[in-house]
Protein chains: 2
Amino acid sequence: MTKHLFISSKGQLQPRWRSAFPDAVVRTALGGGRPDVLWWACVPLNSAELSSAIAALPGVPVVVLSPEPVQEDAMHAIALGARGYCHSHATPAMLQQVAVAVTHGGLWLGPELMSRLMGAASERLLGEHPAEVDPGLDLLTPRERAVALEVARGATNKEAARRLDITERTVKAHLGAAFEKLGVRDRLQLVLALKYVPVDVDHAA
Amino acid sequence: MTKHLFISSKGQLQPRWRSAFPDAVVRTALGGGRPDVLWWACVPLNSAELSSAIAALPGVPVVVLSPEPVQEDAMHAIALGARGYCHSHATPAMLQQVAVAVTHGGLWLGPELMSRLMGAASERLLGEHPAEVDPGLDLLTPRERAVALEVARGATNKEAARRLDITERTVKAHLGAAFEKLGVRDRLQLVLALKYVPVDVDHAA
DNA sequence: GCCCACCCTGTCCACCGGTCCAATAGGCTT
DNA sequence: AAGCCTATTGGACCGGTGGACAGGGTGGGC
């Protein structure tokens, strides 16, 4: 199965990528199942494309690769839900580090970007909601994950049951377990959690 | 060999920590060498103490544990240089995930916190907000839109009613109208419609 | 004035969703 | 063997949800 999928405008697989991930697959567009990590190496960076790619693979961490790291691009990518941003000519060891960090629910940025992000965020952000804690789909069992993904696509319990060929009752059981593991209260929160949708808090309207 | 050092006010080692990291060590203050990860479980959270601890161990990722996650605390901790923030009663599996993420250079937060951080940081650094939302949203009346947005954030009818200062019944009315206008059957489909309309999601998987 | 769109509220009801109480069975570790 | 995790299902409970009846109030255009 594909573990690392690289999306590149030219469809070319850099030797360093291959070196870091021998089983890497490169494409010019999405498709071919669920990778563990999606590496986005399209230049120039297109927000709409990146955004749709992220949305199309809920739960899959997306890392943006850039031949010339630009801070604005990085922030943009992160705002769209990317879990990492690094140099496309990074060393294989570095890429592996990034892969490990993001597949375990982390956000990976270079040291300087990271500190800027942290500083900026703390200045900008103060004021509501308790924060629930949770990592990602990796904590779920295969069955729980399958049910969660069906539900995240908008299916009702009954529909998910029919698709997975199990009882609605069983769907509820898996779903309940997923809720607890992810620290969410209902299916809608689960969707929001999986999509990492930036939440807009203040609508003065 | 990984070394996990827990700093707890009471010097107590939670069973879950031991379960996650059999070689875990707990102390009430710093000392005793250089751990791979420093888990900060002091309550209440003291900025000065945390800050000095982080400074005392350059290169060592610090994760703040809280029995009751508070967003303000999380942001403060991150601003001070902590690399993670999570529930002190998190499952061993989750703690291990966090450990892996931060030891590989990642920043670990819960999904909700992560998305807020991302959104806030990008606004701060770019001076503009993502603002992707609104495909069919202009079909709605102002009130319907307000209700739809509340619901899209994961609010229940009751919560939306309270926020908009109307009765739950009225929320239902607006919501029902929004459903019909957008051609969706329930709130979850509405969320999916609002977030992902820009592109086709269901390709050939 | 009349019509219409919008906003707000009410009651009733069937259904769905989430959680509680279980139970059975297989796989795996100790 | 005992214990734990996972997957599966059952029954029951209750609150949230959505639709189907109702209305009443405002303001603008004809």
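The sequence lines fix the lettering, A, B, ..., with proteins before strands; numbering per chain opens at 1.
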Quick one: does A:Phe21's side chain get under 4.5 Å of A:Lys3's, heavy atoms only?
-> no
Between D:dT17 atom P and A:Leu188 atom CG, what is the distance in whole Å?
-> 9 Å
At how many degrees, to 10°, do the end axes of the helix from C:dG1-D:dC30 to C:dT30-D:dA1 meet when each uses five pairs?
-> 30°
Check the angle between the aromatic planes of B:Phe6 and B:Trp39 and answer parallel, tilted or perpendicular using the 30° and 60° thresholds.
-> parallel
Residues that B:Trp40 engages under side chain to side chain donor-acceptor pair (under 3.5 Å), provided they are two or more places apart | none
Starting at CZ of B:Phe179 and ending at P of D:dA20, how long is that distance when rounded to a whole Å?
-> 13 Å
Just by protein heavy atoms under 4.0 Å, how would nucleotides 2-12 of chain D read 5' to 3' in B, S and -?
-> ----SSSBBB-
Nearest-angstrom distance from the residue atom CD of B:Glu159 to P of D:dG15 = 16 Å
Are B:Thr103 and B:Val37 close enough that some pair of their side-chain heavy atoms sits under 4.5 Å apart?
-> yes
Side-chain N or O of B:Asn157 less than 4.0 angstrom from OP1 or OP2 on D:dG16?
-> no
Please list, chain by chain and in numerical order, all residues satisfying side chain to side chain donor-acceptor pair (under 3.5 Å) with A:Asn157, sequence neighbours excluded.
-> A:Arg187
With A:Phe179 via ring pair (Phe, Tyr, Trp, His ring centres under 6.0 Å) - residues at least two apart = none
Contacts of A:Glu144 that satisfy side-chain contact (heavy atoms from CB on, under 4.5 Å) - sequence neighbours left out | A:Leu140, A:Thr141, A:His174, A:Ala177, A:Lys181
What is the distance from NZ of B:Lys158 to P of D:dT17, rounded to the nearest Å?
-> 8 Å
Please find the earliest and latest nucleotides of DNA chain C, in the 5' to 3' direction, that have an atom within less than 4.0 Å of any heavy atom of chain B.
-> C:dC6 to C:dT11
Please tabulate, one pair per line, all N/O donor-acceptor pairs under 3.5 Å involving side-chain atoms of residues 159-170 of chain A, not counting sequence neighbours.
{"residue": "A:Glu159", "atom": "OE1", "partner": "A:Thr156", "partner atom": "N", "Å": "2.9"}
{"residue": "A:Glu159", "atom": "OE1", "partner": "B:Arg185", "partner atom": "NH2", "Å": "2.8"}
{"residue": "A:Glu159", "atom": "OE2", "partner": "B:Arg185", "partner atom": "NH1", "Å": "2.8"}
{"residue": "A:Glu159", "atom": "OE2", "partner": "B:Arg185", "partner atom": "NH2", "Å": "3.3"}
{"residue": "A:Arg163", "atom": "NH1", "partner": "A:Glu150", "partner atom": "OE1", "Å": "3.3"}
{"residue": "A:Arg163", "atom": "NH1", "partner": "A:Glu150", "partner atom": "OE2", "Å": "3.4"}

Given A:Leu5, A:Val63, A:Val64, the one that forms side-chain contact (heavy atoms from CB on, under 4.5 Å) with A:Leu38 = A:Leu5
Approximate separation, where rounding is to 0.5 Å, of B:Leu175 CG and B:Lys172 NZ = 10.0 Å
Are any of the side-chain heavy atoms of B:Trp17 and B:Leu65 separated by less than 4.5 Å?
-> yes
Between atom CG in B:Asp186 and atom P in D:dG19, what is the gap in whole Å?
-> 9 Å
